[in-house]
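One structure is given below, encoded as structure tokens.
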Amino acid sequence: MSSTNLTLIRKGTIITHDKTIHNMDILIENEKIIDVDTNIDIDQCDVIEAEGLYVIPGLIDMHCELCEPGYDYRESFETGGQAAIAGGFTALTCNPMTNPIIDNKTVVEYVVNKGHNVSPVAIYPYGALTKGNQGEDMTEIGGMQLRGIVAVSDGDISIQDSKTLKRVLQYASMFELPIILHCEDHSLSKGYGVNDGYIATQLGLEGSMAASESLMVAKYIAIAEELRIRIHLAHISTKESVELIRAAKRRGVRMTSETSPQYFSLTEDTIDGYNTFAKVNPPLRKEDDMKAIIKGLQDGTIDVISSDHQPHNIDSKAIEFSLASNGMSALETALSVSYTYLVKSGYLTMEQLVDKMSHKPSHILSLNKSFFGVGHLADLAIFDPESDYVVDARNFKSKAKHSPYHGMTLKGLMKYTFVEGKKYTLNI
């Protein structure tokens, strides 16, 4: 056997969505895994001593803004890819909220081609449901599908008119692509980025009602149930939404849902003092909502954990709260926050976490990734489950060098990420 481009990962703990195997060796040649066994003996190869480390399939992010084309001053395919690697992600999706909007085959081709050429990780674009994300005229989904979209979505904008929503969902369901929906009644929220509650009142801020989300969740479920189509609901944040989704799934509604780390690790208290780094949409909610999100993750009501990476430059955050942009830099902290607040806290097993951050996203998007074994691409993340580290957003690979987790101590220090066999060394 040739020793060219061989890497041996020695004595790691392999964790997939359905099993954990201790003290296992993994041999990688070029872009693929060629052997998984105990005590693999081979000369002249790159060796990673992984005893005590977790080796997991590369993470797949279902909700991410990469900002190209048009807003690459906020993030680019290259910097977003570097941030992904730092967080253990090997594949990213791309929300269509770009300039121009990803609402036609020409823009899809641009995203696919440039993403392939400059990003160190795989980029999978979402195509817009409506032209310009305006919630009115339908896009030509078929043409975009042929060019490489993996789902349809209007990003973080909800179609408000129910008749238009029904028509769009009926049309989109013909293409057997995931339909990813943001849950927000704009008349009750207007993207304020703060929950309508005690903290908002105390700070003199106008807040977004929890009902803004749950009303749209109920509407989506009712239409999907009657039309018998499949939907996926993004970044769920409220107790009421979790209860609606749980009941719908029990009735057999064809749906999946996701949340993001901030909704099971932070509450509205984080914005106290007008902390714009914690201004996100949907906003951080109450402790009861956080507990409900965790329960929804435990019982399978919520299928996926996405990063909800919405990068903005520091200037758009270092201003008056009401004017500051919604969003946070999340790719580099998503796994460690999830591991710290869910696994180390005893709410989920590592297998469940891998399922929600790798296996389920791959399955929902039909990416044929997140497989771990001989012959599969070596898309892997290796991290130390016991290493503490202090988040320093100033050192992020992302252009958005800010985070509500800045200064916090988290567990789960990323050591290596492999993308199609290419090794990236991180914190050694």
Side-chain angles (χ1 to χ4, degrees), residues 62-63 95-97 103 126-139 141 151-193 195-196 207-260 263 280-283 285-286 289 292-293 296 300-304 306 308 326 364:
M62 279 192 70
H63 201 98
N95 263 358
M97 300 174 67
D103 63 1
Y126 292 166
L129 279 165
T130 62
K131 293 180 181 180
N133 285 352
Q134 295 297 308
E136 297 175 358
D137 299 322
M138 294 183 291
T139 57
I141 295 175
V152 285
S153 171
D154 266 357
D156 292 339
I157 301 174
S158 299
I159 299 173
Q160 300 297 296
D161 180 72
S162 297
K163 183 177 180 180
T164 301
L165 176 63
K166 174 193 171 186
R167 180 167 52 89
V168 169
L169 293 184
Q170 281 180 311
Y171 171 66
S173 68
M174 297 167 53
F175 299 92
E176 298 185 355
L177 288 167
I179 303 171
I180 299 175
L181 301 169
H182 174 74
C183 307
E184 181 179 6
D185 183 323
H186 296 160
S187 67
L188 297 177
S189 66
K190 298 181 181 177
Y192 290 131
N195 186 55
D196 185 25
S208 299
M209 295 183 68
S212 168
E213 177 177 298
S214 57
L215 281 172
M216 288 303 293
V217 169
K219 180 189 288 190
Y220 290 145
I221 288 172
I223 294 175
E225 186 169 19
E226 187 164 340
L227 296 179
R228 298 183 180 180
I229 62 174
R230 185 182 298 276
I231 58 172
H232 177 87
L233 303 186
H235 44 211
I236 295 301
S237 70
T238 74
K239 176 182 177 181
E240 292 79 12
S241 296
V242 174
E243 292 171 349
L244 287 165
I245 295 167
R246 182 180 290 117
K249 283 189 168 187
R250 287 173 178 168
R251 296 197 306 273
V253 178
R254 301 170 61 206
M255 66 179 305
T256 49
S257 65
E258 70 184 63
T259 192
S260 300
Y263 302 118
V280 291
N281 188 38
R285 304 291 188 181
K286 300 177 182 179
D289 296 300
I293 293 293
T301 299
I302 300 175
D303 305 270
V304 169
S306 64
D308 199 15
N326 291 319
I364 292 169

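Keep in mind that what you see is a predicted model, and the values were worked out from it rather than measured.
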Does some side-chain heavy atom of E213 sit less than 4.5 Å from a side-chain heavy atom of I236? yes

Do S257 and D303 make a side-chain contact, defined as non-hydrogen atoms from C-beta onward lying under 4.5 Å apart? yes

Using a distance-only test with no angle check, is there a side-chain donor-acceptor pair under 3.5 angstrom linking D103 and T139? no

Is there side-chain contact between Y192 and P283, with at least one heavy-atom pair below 4.5 Å? no

Any chance you could measure I141, atom CD1, to M174, atom CE, to the nearest 0.5 Å? 9.0 Å

Any side-chain donor-acceptor pair under 3.5 Å between T301 and K249? no

Determine whether S158 and H186 make a side-chain contact, defined as any pair of heavy atoms from C-beta on separated by less than 4.5 Å. yes

Just wondering, more than 12 heavy atoms not from R251 lying within 6.0 Å of its CZ? yes

Rounded to the nearest 0.5 Å, what's the gap from CG on N195 to NZ on K286? Could you check? 6.0 Å

CD1/I159 to CG/L181 distance, rounded to the nearest 0.5 angstrom? 7.5 Å

Provide the closest heavy-atom pair for I179 versus A172 in the form atom of the first, atom of the second, distance. CD1-CB, 3.8 Å

Just by distance, do the side chain of T130 and the backbone of G135 share a donor-acceptor pair under 3.5 Å? yes

Given side chains that start at C-beta, do those of D185 and Q160 come closer than 4.5 Å, heavy atoms only? yes

Residue pair N326 / G193: nearest heavy atoms and the distance that separates them: OD1-CA, 3.4 Å

Go through the steps to decide whether H182 and N281 satisfy the test side chain to side chain contact (heavy atoms under 4.5 Å, CB included), and finish with yes or no. CA-CA 10 Å; H182 174 74; N281 188 38; 4.0 Å; yes

Over all heavy atoms of both residues, which pair between P96 and A128 is shortest? Give the atoms and the distance, please. CB-N, 3.9 Å

Output, in order, the C-alpha distance, side-chain angles, deciding distance and verdict of side chain to side chain contact (heavy atoms under 4.5 Å, CB included) for V304 and T256. CA-CA 8 Å; V304 169; T256 49; over 6 Å; no

Non-hydrogen atoms of A292 and V242 that approach each other most closely: O-CG1, 3.8 Å

Ignoring hydrogens and geometry, is there a side-chain-to-backbone donor-acceptor pair from S212 to E184 under 3.5 Å? no

Could you go through S237 and R285, starting from their C-alpha distance and side-chain angles, then the distance that decides it, and tell me whether this counts as side chain to side chain donor-acceptor pair (under 3.5 Å)? CA-CA 7 Å; S237 70; R285 304 291 188 181; 3.0 Å; yes

Looking only at heavy atoms, which two atoms of R254 and R228 are closest? And how far apart? NH1-O, 3.1 Å

Are more than 12 heavy atoms from other residues, nucleotides or ligands located less than 6.0 Å from atom NZ of K239? no

If only side-chain N and O atoms count, and only distance matters, is there a donor-acceptor pair under 3.5 Å linking D308 with S306? no

Working to the nearest 0.5 angstrom, can you tell me the gap between L165 CG and Y220 OH? 6.0 Å

Just so I know, are the side chains of K131 and E136 near enough to count as touching, which here means a heavy-atom distance under 4.5 Å? no

Any side-chain heavy-atom pair of Y126 and I180 under 4.5 Å: yes

Could you measure the distance from the OG atom of S214 to the CE atom of M209? Nearest 0.5 Å is fine. 8.0 Å

If we only count heavy atoms from C-beta on, is the E240 to V217 side-chain gap below 4.5 Å? no

Report the distance from atom CD of E226 to atom CG of L169, rounding to the nearest 0.5 Å. 12.5 Å

Which heavy atom of I293 sits nearest to which heavy atom of T238, and what is that distance? CD1-N, 4.2 Å

Check the pair H63 / D156 against side chain to side chain donor-acceptor pair (under 3.5 Å), numbers first and verdict last. CA-CA 10 Å; H63 201 98; D156 292 339; 3.0 Å; yes

